[in-house]
Amino acid sequence: MERTLPALPPFSFSAVVQSHGWAELAPFSTGAAGSLTYVYRLDSGRVAELRVREAPGGIETAVDGTVDGREQDQVARDAAWMFGLHQDLSPFYALARAEPKLAQAEARAQGRVLRCPTLFEDAVKTMLTVNTSWAGTIRMVAALVSQFGDPLPAEPTRHAFPTPQRLAAAGEAALRAETRLGFRAPSVLQLARAAASGDLDLESLKTTHLPTAELRGRLLQVRGVGPYAAANLLMILGRYDCIPVDSWALKMVSNEWYEGQPVGPAEVEAAFERWGEWKGLAYWFWDWRTPA
DNA sequence: GGTAGACCTGGACGC
DNA sequence: GCGTCCAGGTCTACC
C-alpha cells in the first residue's frame with residue numbers, strides 16, 4: 001500500500017534523514033534511491049517493512065502486505081511523527097535569516113530531526129549513545145534489535161525494535177552479557193519495565209503541554225537520563241530550549257569562540273543563550289568552523 | 001552545590 | 001597476541 005503525505009513547507013526528506021545519526025540505527029536502513037526503510041511492528045502485532053521516500057511537498061510511504069484501514073491510519077500517523085510533517089519552524093527561520101551561520105537553514109529546510117515511532121525507542125537509543133562511541137551505539141542497538149525484536153516474516157534476519165514488554169522480560173544478565181550494554185543495562189531494563197507496566201507513559205509526552213522545564217524534570221527522573229540525554233529527547237519532542245551538551249559540543253564551542261581553550265557546559269549555554277526557545281536548533285544546525 | 005571516582009566496552013597503541 | 005590506556009555521560013558518595 002502506498003500513500004503520499006504532505007508536509008508543512010519548507011520540507012526536505014533528505015534533510016530529515018541526515019539530521020542526526022538515527023537513520024544508521026536499526027531497524028532503520030537506507031534503501032535504493034535514497035529511500036529510508038524501517039522494520040515496523042504495527043499495533044496489530046504484524047511486522048512489516050515501511051519504506052519512505054521523497055514526494056513532491058512531502059513523503060510517500062509504502063508498507064508491504066495487505067494493510068487494513070486501522071493499519072493505514074497508524075502508518076500515516078507514525079510517519080507524520082517520524083518526519084515532523086506538521087512542524088512549523090517559521091519563527092526559527094525568521095531568526096536564522098539574520099545569522100550568517102544559519103543563513104542556509106531555511107533553504108535547506110533544516111530543523112526537523114528524524115524520530116522513531118515511539119518515544120520509548122528514542123529513549124532507549126538515547127541511553128545507548130551515552131558514554132560510548134557512535135560505533136558502540138550502532139552495535140548495541142543492532143544487538144538489541146536482533147536479539148529481542150520480532151522478525152520480519154519475509155526476511156527473518158531483520159527485526160523490529162523490541163517492545164517494552166519484550167525487553168522488560170529480558171534479564172539484566174542477558175542485556176549485559178549477550179547484548180553487551182554494559183552499565184546501561186539496568187537503565188534500559190528499568191525504563192522497559194516502567195513502560196510495560198504503565199507506570200511511565202512516555203508516549204503521552206509527545207503531545208503534552210507541560211512547560212519545557214517541567215517536562216525536562218520528568219525526563220531527568222528516568223534512570224540513565226541526565227542533562228545530555230534529556231536535552232536530546234526534548235529536541236526529539238520539538239522542544240529546543242536546551243542544548244544536548246556532550247564532549248563534541250564542548251570541542252566545537254571551544255574552537256568557534258575560545259580559540260581551542262577548554263570550556264564547560266556554561267560556555268556552551270552562553271554561546272546560544274540569545275536563541276531562547278530555539279537554542280537547541282541553532283546549536284544543532286550551526287555552521288561550525290572546522291577544527292584546526 | 002560542587003567534585004571525584006566508578007561504571008563498561010571497544011578501539012588504538014605499544015611491546 | 002597481549003596488556004594498557006583512553007573516550008564517553010550518568011550516578012553516587014563524599015565534602
Side-chain angles (χ1 to χ4, degrees), chain A residues 19-22 24-26 113 115-116 119-148 162 164 167 170-195 199-200 202 205 212-237 239-256 258 260-272 279-280 283-284 286 288 290-292:
Chain A
S19 57
H20 59 155
W22 255 213
E24 298 175 44
L25 300 178
V113 295
R115 302 149 153 167
C116 300
L119 191 61
F120 171 72
E121 182 175 338
D122 280 322
V124 170
K125 287 177 173 175
T126 298
M127 283 178 172
L128 299 187
T129 66
V130 164
N131 214 16
T132 188
S133 63
W134 181 243
T137 299
I138 291 174
R139 176 192 59 75
M140 286 186 275
V141 173
L144 205 62
V145 167
S146 65
Q147 290 171 20
F148 301 105
L167 285 182
E172 182 181 326
L175 290 176
R176 281 182 181 272
E178 297 168 29
T179 322
R180 308 195 77 74
L181 301 190
F183 62 84
R184 303 162 197 85
S187 300
V188 170
L189 195 57
Q190 192 167 316
L191 179 70
R193 285 176 174 163
D199 289 344
L200 178 62
L202 276 176
L205 300 183
T212 302
E214 197 171 329
L215 182 53
R216 179 173 183 268
R218 292 211 182 173
L219 292 170
L220 288 173
Q221 287 173 3
V222 177
R223 179 187 169 137
V225 175
Y228 160 80
N232 194 57
L233 288 170
L234 285 171
M235 289 270 292
I236 284 170
L237 288 168
R239 308 288 188 104
Y240 311 111
D241 314 47
C242 303
I243 296 174
V245 179
D246 57 6
S247 56
W248 186 86
L250 299 178
K251 185 164 65 178
M252 299 312 283
V253 168
S254 165
N255 183 63
E256 187 86 8
Y258 294 88
Q261 296 302 306
V263 300
E267 283 79 14
V268 178
E269 291 289 336
F272 289 93
K279 203 189 293 180
Y283 158 77
W284 202 255
W286 196 258
W288 297 100
T290 307

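Naming convention: chains lettered A, B, ... in sequence-line order (proteins, then strands); numbering from 1 in each chain.
Per the geometry, CZ belonging to A/R184 stands 13 Å off C1' belonging to C/dC11, to the nearest Å. Rounded to a whole Å, the CG atom of A/L181 is 16 Å from the P atom of C/dT10. Distance, A/L233 CG to C/dT10 C1': 14 Å, rounded to whole Å. In this structure, the CZ atom of A/F183 is 7 Å from the C1' atom of C/dG9, given to the nearest Å. Atoms CZ (A/R216) and P (C/dT10) sit 10 Å apart, rounded to a whole Å. Rounded to whole Å, atom P of C/dG8 lies 14 Å from atom CE of A/M140. Regarding A/W134, its CH2 atom lies at a distance of 17 Å from the P atom of B/dG10, rounded to whole Å. Put simply, CG on A/L128 is 13 Å from P on B/dG10, counting in whole angstrom units.
Comparing C/dT10, B/dC7, C/dC11 by their closest approach to the side chain of A/V130 singles out C/dT10. Distance from the side chain of A/R139 is smallest to B/dG10 among C/dG9, C/dT10, B/dG10. Closest approach to the A/R176 side chain among B/dC8, C/dC11, C/dG9 is made by B/dC8 (side chain taken as heavy atoms from C-beta onward). For A/S247, whose side chain is taken as the heavy atoms from C-beta onward, the closest listed nucleotide among B/dC8, C/dT10, C/dG8 is C/dG8.
No engagement by A/G136 is indicated, since no non-hydrogen atom pair under 4.0 Å with the nucleic acid exists. Note on A/A135: nothing from the nucleic acid sits closer than 4.0 angstrom, heavy atoms only. Residue contacts shown for A/V245 are absent, as no nucleic acid heavy atom lies under 4.0 Å away.
Between A/L191 and A/R223, the closest side-chain pair of non-hydrogen atoms is not below 4.5 Å. A heavy-atom distance below 4.5 Å is found between the side chains of A/L181 and A/L144.
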| task | Determine, stepwise, if the pair A/I243 / A/W284 fulfils side chain to side chain contact (heavy atoms under 4.5 Å, CB included). | result | CA-CA 8 Å; A/I243 296 174; A/W284 202 255; over 6 Å; no
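Shown are A/L25, A/V113, A/T129; of these, the side chain to side chain contact (heavy atoms under 4.5 Å, CB included) with A/H20 is made only by A/V113.
One finds a salt bridge joining A/K279 and A/E269 here, because a Lys/Arg side-chain nitrogen approaches an Asp/Glu carboxylate oxygen to under 4.0 Å.
Nearest-nucleotide assignment on DNA chain B puts the 5′-proximal partner with A/N131, out of A/R180 and A/N131.
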